[in-house]
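Notes for the one structure printed next.
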Amino acid sequence: MTFKDLNLNTPLYNALDDLGFETPTPIQAESFNVVASGKDVVGIAQTGTGKTYAYMLPILKNLKYSRQENPRVLVLVPTRELVVQVVNEIEKLSKYINNRVLGVYGGTNINTQKQAVAQGLDILVATPGRLYDLAVSRVLQLKSIQKLVIDEVDVMLDLGFRHQLMNIFDILPERRQNIMFSATMTTDVDELITDFFINPTKISIAVSGTPLENITQLRYNVPNFYTKVNLLEDLLADKDTYSRVLIFVAYKRMADRLFDKLEELFPSQTCVIHSNKTQNYRLRSIEQFREGEHRLLVTTDVMARGLDIDDVSHVINFDTPDYPENYMHRIGRTGRAERKGQSILLSTEKEQDSRERIEKLMQMQIGVLEIPEYVEISKELIEEERDVIKERYNPTKRSGDNIPGPAFHEKKEKNQKVNLGGSYRREMAKKYKKPKTRGDKNANRRKKKRR
Ligand code: AMP
């Protein structure tokens, strides 16, 4: 099958030609007619499968030229990075089409975005929070939205955007086409579909959890953080093989900690992104990595979801994710667009259960490699690895010692007095026969004023 079979139009064919795309990916081939038909659609496809064009090709084909100011297509994505990326993809595809595309996201000046909205637009790409703020401020009118795309729905719900999505549904016209894409089908996603979609057509090109065939997966058993760093030092020293490496960690603190170590070992070759970094810092890091200025990018799971970076040679799972689906998302960053990629998983003793869950989901075993002998096995532990020291045996302690009993001494005499109310001042007043009040404090002041 080629794009010719999809019955597109000349501007789109020309743009695809410029991009060098000849054949539609499976999700594009399957989605085209369904999305074009105007029915509600739910697509299950991982990033890297070409899903952005799976919904954008039919939408752009049917979007007529218009001078009206209000947007007609709304694309919601979970992160700011994705807004930038999707806008970029749409612009590439719209090279020969006269349409207006705008991306809006939080964390930046809303007034600049208000001005941009006021210029008029056809396609709006947004994160839910900022979209809602703009709609509430009435600068943005959503009454002409005909197509709503929600991309990366599973991430959207993971990040707690359900409530915001519902608020948005409330202010959108009822007659619209809903198009939803998710990398995995979770219970949350399923619930959202049942609640808000009208008999959607489901398109799924890979069972969620199927590893992409062009990724070679390997793993190491490594005792602790510092040994993992030592092993990385050894692997990453080979700059030609490890030419563009995404390194995943579970949380922000670990990202910063690993970044500091790698920066020491490989100065000016590493960048980092996580949600505590500023928007500009994050965009700059991704750009530096994408342009090849830096070959190592340390990131948390949420930040890297949906990021489309070409030619990632390796994905390194610095820790073993608790949720096997996260592993699938991580390794999906390499081996994209038919290229070969490699994934490496590092697991400590404690992480073996998670590793088994991943293998169970994939229904395959990941080949295990031995740490080279010359790599130093560190004994040093980081805070999270140190067990709280538990007292196992103490012969001087009797079994009943821990049971709390009554206090072992009586209260001192002065503490036994019961407070019967009444203040010290009143008691003194009684004793020295002083008047109960000193009169109206403000009386003199009032007199002064009158004068
Ligand atoms: P996505 O899954 O939408 O993030 O897309 C992954 C990458 O595949 C993007 O860089 C697209 O530009 C690229 N891509 C999309 N469609 C095709 C196609 N038909 N042939 C080759 N590459 C494509």
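Order of listing sets the numbers, starting from 1, for every ligand and every atom in it.
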One residue to check: [X]. Relative to ligand 1, which of side chain, backbone, both or neither has a non-hydrogen atom less than 4.0 Å away?
{"X": "Glu22", "answer": "neither"}
{"X": "Thr23", "answer": "backbone"}
{"X": "Lys92", "answer": "neither"}

Under 3.5 Å between some N or O of ligand 1 and some N or O of [X]?
{"X": "Gly50", "answer": "yes"}
{"X": "Tyr53", "answer": "no"}
{"X": "Gln85", "answer": "no"}

[X]/[Y] aromatic ring centres below 6.0 Å:
{"X": "Phe248", "Y": "Tyr327", "result": "no"}
{"X": "His294", "Y": "Phe289", "result": "no"}
{"X": "Phe169", "Y": "Phe196", "result": "yes"}
{"X": "Tyr13", "Y": "Phe3", "result": "no"}

Could you check Lys228, Arg330, Lys350 and say which one makes a salt bridge (charged side-chain N to carboxylate O under 4.0 Å, His left out) with Asp319? Arg330

Considering Phe21, Phe3, Phe181, which one's heavy-atom position lies nearest to atom 13 (C) of ligand 1? Phe21

Quick one, Val104 and Leu134 - any side-chain contact, counting heavy atoms below 4.5 Å? yes

Within a distance under 4.0 Å of any heavy atom of Thr52, pick out the atoms of ligand 1 and give their elements. 1 (P), 3 (O), 4 (O)

